[in-house]
Every structure is written in C-alpha cells, then in structure tokens.
*Asks:* 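Please find one structure pasted underneath; my questions will follow.
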Amino acid sequence: MKHEVVTAAKSDVQGWVNMLNDQGYCIISNLVSPDLISDLANDLSPIFDATRTSIGPFYGDGTKRVGGLLNHSLHAAPLIQNPMILDIM
C-alpha cells in the first residue's frame, strides 16, 4: 500500500479532510518537531513494550493498542491540540 505523505505547508485543511475521509488516515509530515516525536516515543516505549499484541480480526492480529496517551505522556498534548489537527477533526 502506498502512503501519501504531504507536508503541512503544501495543503489546505479541506485537502486533509478529504484524504482522511477517502483513506481513513492522513500522514502530515513536518507538523511538529522531530524532538517532540522522539520525546513522545521515549515516553510511550515502555508502555508499548508491556502491551500484549492483539489476537483476532476485530483488533487486528499482531497490533498493539494503548489508550489514555495523555495520561502516559505530556508530549501527546501538542499533537492532539495542534491547530491543524483540530481544524481537520
């Protein structure tokens, strides 16, 4: 599957909404700093490591699901509260 990656500066909000509706996801590069993503990954790594993989088609074989990201990392808030993300949602 080919994933379309577009930088935040190259598209308007409606384009992201359309992509989300058409594909079920959108990948927005350069939305936040790489340091924020690295800090978030460091915070969540032990949580994901401790989480068992799902079994069965409902959740997807071999996937991991973690809820309450805001409770696990302060670095999740800038993603969730990002103005572009809020506009898309």
Side-chain angles (χ1 to χ4, degrees):
M1 171 186 294
K2 183 181 181 218
H3 299 286
E4 183 176 354
V5 179
V6 183
T7 60
K10 292 184 181 177
S11 182
D12 62 357
V13 170
Q14 189 58 50
W16 294 115
V17 171
N18 293 342
M19 186 182 296
L20 184 60
N21 288 332
D22 292 344
Q23 298 179 171
Y25 70 92
C26 56
I27 300 171
I28 306 171
S29 64
N30 302 318
L31 182 66
V32 296
S33 74
D35 289 339
L36 176 65
I37 299 302
S38 179
D39 292 340
L40 180 63
N42 288 334
D43 289 349
L44 297 180
S45 182
I47 308 298
F48 277 100
D49 290 345
T51 301
R52 295 187 334 221
T53 57
S54 299
I55 299 172
F58 184 75
Y59 289 111
D61 284 327
T63 62
K64 291 188 176 189
R65 306 211 175 241
V66 174
L69 296 181
L70 291 168
N71 292 323
H72 295 298
S73 175
L74 296 175
H75 298 101
L79 286 171
I80 295 167
Q81 297 171 339
N82 182 284
M84 180 174 276
I85 298 300
L86 294 175
D87 286 346
I88 292 168
M89 301 313 287

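In this chain, numbering begins with 1 at the start of the sequence shown. Since the structure is predicted, the reported quantities are computational estimates derived from the model, not experimental observations.
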*Asks:* So which heavy atom on Trp16 is nearest to which on Asp12, and how close?
*Replies:* CD1-O, 3.2 Å

*Asks:* State the CD1-CE distance between Ile80 and Met89, to the nearest 0.5 angstrom.
*Replies:* 10.5 Å

*Asks:* Might you confirm whether atom CG of Leu74 has over 12 heavy atoms from other residues, nucleotides or ligands at distances under 6.0 Å?
*Replies:* no

*Asks:* Can you tell me if Asp61 uses its side chain to pair, donor with acceptor, with the backbone of Gly56 under 3.5 Å?
*Replies:*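 Yes, the answer is positive, given that a donor and an acceptor are paired below the 3.5 Å cut-off.
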
*Asks:* Go through the steps to decide whether Ile28 and Ile85 satisfy the test side chain to side chain contact (heavy atoms under 4.5 Å, CB included), and finish with yes or no.
*Replies:* CA-CA 10 Å; Ile28 306 171; Ile85 298 300; 4.3 Å; yes

*Asks:* Among all residues two or more places apart in sequence or in another chain, which pass the side-chain hydrogen bond (donor to acceptor under 3.5 Å, both in side chains) test with Asp43?
*Replies:*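 Scan of Asp43 (side-chain hydrogen bond (donor to acceptor under 3.5 Å, both in side chains), adjacent residues dropped) gives Ser73, His75.
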
*Asks:* How would you list, by chain and number, every residue that makes a side chain to side chain contact (heavy atoms under 4.5 Å, CB included) with Ser45, sequence neighbours excluded?
*Replies:* Asp49

*Asks:* State the CG-OH distance between Asp22 and Tyr25, to the nearest 0.5 angstrom.
*Replies:*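 Answer rounded to 0.5 Å: 11.0 Å.
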
*Asks:* Using side chain to side chain contact (heavy atoms under 4.5 Å, CB included) as the criterion, list what pairs up with Ile37, not counting sequence neighbours.
*Replies:*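 Ile37: side chain to side chain contact (heavy atoms under 4.5 Å, CB included) contacts with Val32, Leu79.
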
*Asks:* Write down the atom of Pro78, the atom of Leu36, and the distance for their closest heavy-atom approach.
*Replies:* CB-CD2, 3.8 Å

*Asks:* Under the side chain to side chain contact (heavy atoms under 4.5 Å, CB included) test, which residues partner Ile47, sequence neighbours left out?
*Replies:*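 For Ile47, the residues satisfying side chain to side chain contact (heavy atoms under 4.5 Å, CB included) (neighbours in sequence not counted) are Thr51, Val66, His72.
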
*Asks:* Under the side chain to side chain contact (heavy atoms under 4.5 Å, CB included) test, which residues partner Thr53, sequence neighbours left out?
*Replies:*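 Residues passing side chain to side chain contact (heavy atoms under 4.5 Å, CB included) with Thr53: Lys64.
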
*Asks:* Does Phe48, at its CZ atom, have more than 12 non-hydrogen atoms belonging to other residues, nucleotides or ligands within less than 6.0 Å?
*Replies:*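 Above 12, so yes.
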
*Asks:* Under a single-linkage definition using a 4.5 Å side-chain heavy-atom cutoff for Ile, Leu, Val, Met, Phe, Trp and Tyr, are Met19 and Val17 assigned to the same hydrophobic cluster?
*Replies:* yes

*Asks:* So does Thr63 get a backbone contact from the side chain of Ser54, meaning a donor-acceptor N/O pair under 3.5 Å?
*Replies:* yes

